[in-house]
Amino acid sequence: MMKKLYFLILGGSKVKISYLLLAFLFATTAAATAEVLLNENFEYEAETLLGSNVWVAYGTHPNSPIQLVASGLIYDGYQNAVKGKGVSLGKEASGADAQYIFSKSITEGSLYYAALINLTEAPTEKAGAFITLLQPGFSGSLESGKTGTEFALLSALHSADGRYKLQISRNNTTVAATEATYLYNTTYLVVVKYSIIEGSTNDEVRLYVNPTSATEPTTADALYNQSSGSDLNTTRGFHGIELCQTQAANKNAATLTIDAIRVATTWAELFPSATTDPDHKKPVISAPESIEFGSSYYVLTGESYDVKIA
């Protein structure tokens, strides 16, 4: 039986391609809609976060630069071993905050961030966020020393049982808190999801604590869906993430270590087979001559290709 073949023109050369490779091309095109904007394990030689030359100043607070510490965090199924350092955040008057600027803006759908956190102290009132997503100002971009608008704020408040609750907000002081309370000096995995929803003041923020599956849970540990607080401006979108430690009259900071921050447009991209591929690296197959797929083969002239292995 004659097998149908198709031809793909690459760099002026005709390359034989079968149904299998066509299916692969379509599958990888669909997967490209999901994006990882940050996979941060703080693998830097510097002692301060701003000294990494990757994170830059958020605003102009001059005091107490955010420290990188050797005691990174682990959590089974997410980060099984310490990859680099951790970040130490404290309650610092006019303490320096830091931002990571994404390579592009997210203006639709959902955006997730995940992190490992270990708190030693939480404020008893007026809790300030220690991590947020950032919308640029009217200039449409973020840059060192400038500020934007904070969204998907995550904070902690000391509770009467000697533990603390986690809180989320859209972009204001009104919060949604977890019913559960959490232990100090204990590492937790937190995932925050911001959903951009058509309409006015109805964007939703969800918080998940220690999710047990690589599949997104149907119920969140806290849900912010109130009409208080503005929605994301979808012209500017999300363009960064912030780590905060500033102590102010209306904003009391927590003291904690944070590590293994990931930002992605899908839940699955936060958990890329953590036990087998914890660094979220795609294998690269170099084919100087040919690769065989069954009875068909393709001559690939010295190119390298990113291939997703099922």
Side-chain angles (χ1 to χ4, degrees), residues 34 36-42 69 71-89 110-123 127 129-133 152-170 175-195 204-225 241 243-244 254-280:
V36 177
L37 299 175
L38 178 62
N39 185 16
E40 178 61 275
N41 297 314
F42 303 106
V69 294
S71 53
L73 305 176
I74 59 173
Y75 187 90
D76 286 346
Y78 179 76
Q79 178 168 259
N80 296 333
V82 175
K83 305 299 178 190
K85 299 180 179 179
V87 167
S88 178
L89 300 177
S110 297
L111 189 60
Y112 300 78
Y113 67 80
L116 299 181
I117 61 171
N118 189 309
L119 274 73
T120 56
E121 186 179 0
F130 50 83
I131 185 168
T132 80
L133 292 174
L153 290 79
L154 178 62
S155 61
L157 190 70
H158 185 76
S159 60
D161 61 0
R163 303 184 178 192
Y164 66 90
K165 290 191 173 188
L166 289 167
Q167 305 178 141
I168 51 172
S169 177
R170 186 183 295 131
V175 299
T178 58
E179 290 187 10
T181 58
Y182 303 99
L183 293 167
Y184 291 106
N185 301 303
T186 302
T187 297
Y188 295 97
L189 168 63
V190 293
V191 179
V192 175
K193 176 185 181 181
Y194 188 101
S195 298
E204 292 185 346
V205 185
R206 287 175 167 81
L207 168 65
Y208 306 91
V209 183
N210 287 354
T212 57
S213 171
T215 302
E216 183 173 345
T218 56
T219 303
D221 291 282
L223 168 62
Y224 188 98
N225 59 359
I241 191 167
L243 295 179
C244 329
T255 302
L256 70 153
T257 299
I258 189 167
D259 194 8
I261 300 174
R262 299 174 188 169
V263 182
T265 55
T266 66
W267 181 277
E269 291 291 344
L270 298 175
F271 301 92
S273 302
T275 57
T276 57
D277 186 19
D279 292 324
H280 198 211

- Message: As a quick check of understanding, evaluate side-chain contact (heavy atoms from CB on, under 4.5 Å) for Ile261 and Phe42, giving each step before the final call.
- Response: CA-CA 9 Å; Ile261 300 174; Phe42 303 106; 3.7 Å; yes
- Task: Could you please spell out the steps behind the side-chain contact (heavy atoms from CB on, under 4.5 Å) verdict for Thr257 and Ile117?
- Result: CA-CA 6 Å; Thr257 299; Ile117 61 171; over 6 Å; no
- Task: Kindly determine whether Lys193 and Glu216 satisfy side-chain contact (heavy atoms from CB on, under 4.5 Å), including the steps that lead there.
- Result: CA-CA 10 Å; Lys193 176 185 181 181; Glu216 183 173 345; 2.9 Å; yes
- Query: What's the verdict on side-chain contact (heavy atoms from CB on, under 4.5 Å) for Leu111 and Leu133, showing C-alpha distance, side-chain angles and the deciding distance?
  - Reply: CA-CA 9 Å; Leu111 189 60; Leu133 292 174; 3.9 Å; yes
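Taking all atoms of both residues into account, the shortest heavy-atom contact from Leu207 to Ala220 is O-CB, 3.5 Å. For the residue pair Ala156 and Phe130, the shortest heavy atom distance occurs at N-CE2, 3.9 Å. Taking all atoms of both residues into account, the shortest heavy-atom contact from Ala222 to Ala176 is CB-O, 4.0 Å. When all heavy atoms of Val205 and Tyr194 are compared, the pair lying nearest together is CG2-CD1, 3.6 Å. Annotation for Ala129 and Ser155: closest pair CA-CB, 3.9 Å, computed over non-hydrogen atoms. The shortest heavy-atom contact between Phe271 and Gly77 is CD2-O, 4.4 Å.
Considering Leu166, Leu183, Leu119, Leu116 in turn, Leu183 is the only one that fulfils the side-chain contact (heavy atoms from CB on, under 4.5 Å) rule with Tyr188. A side-chain contact (heavy atoms from CB on, under 4.5 Å) with Thr132 is found for one member of Leu154, Leu153, Val192 and no other, namely Leu153. Of the residues Val87, Asn118, Leu89, the one that meets the side-chain contact (heavy atoms from CB on, under 4.5 Å) test with Leu256 is Leu89.
A salt bridge does not link Glu269 with Arg262: every distance from a Lys NZ or Arg NE/NH1/NH2 to an Asp or Glu carboxylate oxygen is 4.0 Å or more.
Counting heavy atoms from C-beta on, the side chains of Tyr75 and Asn210 come closer than 4.5 Å. Considering only heavy atoms from C-beta on, Ser159 comes within 4.5 Å of Asp161 through its side chain. In this structure, Tyr113 and Val263 have side chains that are in contact, with non-hydrogen atoms separated by less than 4.5 Å. Between Trp267 and Pro217 the shortest side-chain heavy-atom distance falls below 4.5 Å.
At distances below 3.5 Å, not a single donor-acceptor pair connects side-chain atoms of Ser71 with backbone N or O atoms of Val69. For His158 (side chain) and Arg163 (main-chain N/O), a donor-acceptor pair under 3.5 Å exists by modelled atom type.
Listed by chain and number, the residues in a salt bridge (Lys or Arg N to Asp or Glu O under 4.0 Å) with Lys165 amount to none (sequence neighbours excluded). Scanning for salt bridge (Lys or Arg N to Asp or Glu O under 4.0 Å) contacts around Glu204 gives Arg206, with sequence neighbours left out.
Note that OH of Tyr112 is 8.0 Å distant from CG of Leu270, once rounded to the nearest 0.5 Å. Rounding to the nearest 0.5 Å places OG1 of Thr212 at 10.5 Å from CG of Leu189. Considering OG1 of Thr187 and CG of Asp76, their distance stands at 11.0 Å, rounded to 0.5 Å. Here the straight-line distance linking atom OG of Ser88 with atom CG of Leu243 works out to 11.5 Å at 0.5 Å rounding. In this structure, Lys85 NZ and Leu73 CG are separated by 14.5 Å, a value rounded to the nearest 0.5 Å.
Taking the six-membered ring for Trp and thresholds of 30 and 60 degrees, Tyr182 and Tyr164 have ring planes inclined between 30 and 60 degrees apart.
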